[in-house]
Amino acid sequence: MKILIYGAGVIGCELAHVLKKGRNDVTLLARGEWRDTLEKRGLVIRHYLQRKTTTDKINVTGCLNPDDEYDIIFVVMQADQVPDVLPAIAANVSRYVVFIGNNPWAEKTETAAQADSPVPKEAAFGFMTAGGRRENGQVISIHTRAHLTVGGRDGELSYAFRERISRAFSDSGCSLSWENQMDAWLKCHMAEILPIGYVSYAVDCSLPKASGVQRKAMVDATAEGFTLLKALGYPIRPAEDESFFTVGPKRKLWSAVIYVMCKTPLGRLAATDHCAHAVSEMTMLDRAWEELRAQRPDISVPVWDSLRKSMPVEGRQGRHEEIKSAYKSLGGDATFYDGMITCSTLPGRAVCKLVWNMDKRKNDHYLQLTLSGIPKNFSGKMLEVPVGTGILSMPVYETMPGADITCLDYSPDMMERAKRQAERRGLKNVRFMQGDVGKLPFEDESFDLVLSLNGFHAFPDKEAAYSEIFRVLKPGGIFCGCFYIKGENKRTDFLVDKIYTPKGYFTPPYETVGSLRERLKAMYRKAEVKTVEGMAAFRCRKGKANGES
């Protein structure tokens, strides 16, 4: 069978390995550096408990085009990333989609996947019992045996869909458990994993530090969670799980499992690695759980409330604050930053040469390529994100008196300097807003042009940024900009890895020339990418409303 796995994290890679064993034609959708690794080395998985390593040659792609037809698409993404891929899923001609992983809003996901689809779509939901991490070009996977729980959100799948899933997993070595109430199953799973996450955060994601009181509280909190779900009308699924959280021998067994997790490396691979690197997903699950609680405020959950105090206030806030602090450290008006990106001061020229292998001529060339994406005499609505200090864009805006320009940045310190630039130049058609590119505060199709200068290499959630920019751009609108790309200059890559990333200026993963071209061509038409050393300048246009892509 021809199968696409949309998402190349640990679970997606393990699923690709399993389906490849079943002699399916498997394609794995991956981007950036990880895609390059998969293409060069194949899919290398170290099966931790089985003490073996496997290597599979897997087809790899960077995008899902509307006319790419597959027998089944498996979407294997963190819960907070799923909304970003739903437009591509809905626009695709494949009929059968299985969403694998945590999903607190299954009904909304199913509805969005089916909305305006060119074909009738059927959605299933599933959960694969595996964990681990990626490191050194391979996946470290922990699982006792390959197993997938799968089924309809709230009812049986069609015979054709169920038969197709069964055929995909035949001879794969992966067992299937069919579940007709996956929405309830996933909510019960939330009740089990959130308390483990809360304790993980309380002990700095080092479960061996968890006390006996905390280990007991994980079990007690899940019991309270099950009580809430039953009060809301959700059945406990699978039904036998309830016995692990009530007084009796099975509770002792679950307590023993928690003890082993806390005292061995299994806890890190199965729980804390994910908690540490997927705070945004854990935050989303926590928020979804609080929405459930709000429906029954009469249900008391004191142990749950006690553990929840350790949950980070906002999943992405920590990284955003790191970036804000990093750029705040770059100085005042006569900034080192401005001199560096314009290659116009002695220290700026030194950094350009050392880090970017650019002299003034090369630096001006990539900036000219970038800003040429703005049409001459442009007079429409324009968004610049991030605006930074405005050192590059404000001189250009002087030549665009008819344009309506909004400049947005997460860092108030950077934006304040941009405001002073605009005031000195007497720009009356430019307004400034503090905000997050991953959650743009604008209506759909609000802008004729979006400009992004030196931003994407810093954005903590690049998938959300791409999605939001596409959303606010009008049909026929232009998206142009520039940012760092990996793989064009070894010295640049080394210094970005050793200095820029640890300091908080840049945030991985980083695009390559190939991954950026594929991404933009999949989303836009007439996408152009040109490079100067480790910088990419790009320009693309969104398809028209008449269906032109």
Side-chain angles (χ1 to χ4, degrees), residues 1-47 53-78 81-82 84-86 88-89 92-94 96-101 124 126-128 130-143 146 148 150 164-165 167-169 171-174 277-278 462-463 466 486-487 508-512 514-519 521-523:
M1 299 182 70
K2 187 178 179 184
I3 292 172
L4 174 70
I5 299 175
Y6 199 125
V10 172
I11 307 299
C13 289
E14 180 64 34
L15 182 61
H17 167 70
V18 164
L19 291 169
K20 185 73 173 178
K21 283 173 61 178
R23 299 190 295 277
N24 295 287
D25 178 10
V26 180
T27 298
L28 191 57
L29 193 151
R31 296 190 174 111
E33 185 178 359
W34 183 236
R35 177 187 176 181
D36 294 341
T37 298
L38 291 169
E39 289 179 331
K40 291 175 183 176
R41 296 186 57 187
L43 174 56
V44 182
I45 302 179
R46 175 62 180 171
H47 302 271
T53 300
T54 58
T55 301
D56 296 300
K57 286 296 182 184
I58 300 284
N59 302 321
V60 183
T61 185
C63 62
L64 174 64
N65 296 310
D67 57 352
D68 293 339
E69 188 170 3
Y70 294 91
D71 294 309
I72 307 177
I73 295 177
F74 290 90
V75 179
V76 192
M77 311 283 286
Q78 292 180 14
Q81 297 170 344
V82 171
D84 297 333
V85 308
L86 287 173
I89 296 296
N92 182 261
V93 297
S94 305
Y96 298 103
V97 184
V98 183
F99 293 92
I100 303 289
F127 198 91
M128 195 167 184
R133 65 183 185 275
R134 290 193 324 222
E135 65 176 28
N136 299 325
Q138 66 177 354
V139 173
I140 310 297
S141 177
I142 178 170
H143 57 88
L148 177 70
V150 64
R164 190 167 289 213
I165 294 172
R167 186 151 45 96
F169 285 93
D171 301 322
S172 69
C174 179
H277 297 109
K462 295 174 177 58
E463 296 300 328
Y466 281 117
K486 194 175 181 74
Y510 303 115
E511 297 275 14
T512 64
S515 70
L516 178 60
R517 282 197 176 112
E518 283 212 19
R519 179 192 290 276
K521 287 180 180 179
M523 298 178 71

Undergrad: Using the side chain to side chain donor-acceptor pair (under 3.5 Å) criterion, which residues pair with R519? Sequence neighbours excluded.
TA: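 Expected list: E463, E511.
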
Undergrad: Which of these, V98, T27, L29, L64, sits in a side chain to side chain contact (heavy atoms under 4.5 Å, CB included) with I73?
TA: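 One option only clears the test, and that one is L64.
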
Undergrad: Return all side-chain donor-acceptor pairs below 3.5 angstrom for residues 4-19, not counting sequence neighbours, or 'none' if the list is empty.
TA:
| from | atom 1 | to | atom 2 | distance (Å) |
| --- | --- | --- | --- | --- |
| E14 | OE1 | S141 | OG | 3.0 |
| E14 | OE2 | H143 | NE2 | 3.4 |
| H17 | ND1 | D56 | OD2 | 2.7 |

Undergrad: Of all heavy-atom pairs between L38 and A30, which one has the smallest distance, and what is that distance?
TA: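 Where L38 meets A30 most closely, the heavy atoms are CD1-CB, 3.8 Å.
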
Undergrad: Can you confirm whether K521 is buried at NZ, in the sense that more than 12 heavy atoms of other residues, nucleotides or ligands lie under 6.0 Å from that atom?
TA: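 Result for NZ/K521: open.
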
Undergrad: Measure from the side-chain N and O atoms of T37 to the backbone N and O of G137, and report whether any donor-acceptor pair falls under 3.5 Å.
TA: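 No, T37 side chain to G137 backbone: no donor-acceptor pair under 3.5 Å.
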
Undergrad: Is a donor on one side and an acceptor on the other found under 3.5 Å between the side chain of R164 and the backbone of I72?
TA: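 No, R164 side chain to I72 backbone: no donor-acceptor pair under 3.5 Å.
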
Undergrad: How long is the straight-line distance from NZ of K2 back to CG of N24, given to the nearest 0.5 Å?
TA: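 Answer for the CG-NZ pair, N24 versus K2, is 13.0 Å.
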
Undergrad: What distance separates K20 NZ from N59 CG, expressed to the nearest 0.5 Å?
TA: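 Output value for this atom pair is 6.0 Å.
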
Undergrad: Could you tell me whether the side chain of N92 and the main chain of N65 form a donor-acceptor pair under 3.5 Å?
TA: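 Here the side-chain-to-backbone pair exists.
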
Undergrad: Would you confirm whether R31, through its side chain, and G62, through its main-chain N or O, come within 3.5 Å as a donor-acceptor pair?
TA: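 Flag set: sc R31 to bb G62 pair under 3.5 Å.
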
Undergrad: Just verifying a value: how many Å separate D36 CG and T512 OG1, rounded to the nearest 0.5 Å?
TA: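 Between atom CG of D36 and atom OG1 of T512 there are 4.5 Å.
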
Undergrad: Measure the shortest side-chain to side-chain distance between V97 and F99 over non-hydrogen atoms and say whether it is less than 4.5 angstrom.
TA: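 V97 reaches F99 side chain to side chain.
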
Undergrad: Quick one: CD on Q138 to CZ on R41, what's the gap to the nearest 0.5 Å?
TA: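 Separation between the atoms: 6.5 Å.
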
Undergrad: Any side-chain heavy atom of V60 within less than 4.5 Å of one from W34?
TA: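 Sidechains of W34 and V60: no contact.
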
Undergrad: For the pair T61 (side chain) and C63 (backbone), establish whether a donor and an acceptor sit closer than 3.5 Å, ignoring hydrogens and angles.
TA: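 Such a contact is found between T61 side chain and C63 backbone.
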
Undergrad: To the nearest 0.5 Å, how far apart are CD1 in I100 and CE in M77?
TA: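 The CD1 atom of I100 sits 13.5 Å away from the CE atom of M77.
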
Undergrad: Side chains of D25 and D71: closer than 4.5 Å at any heavy-atom pair?
TA: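 No - every pair of side-chain heavy atoms lies 4.5 Å or more apart.
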
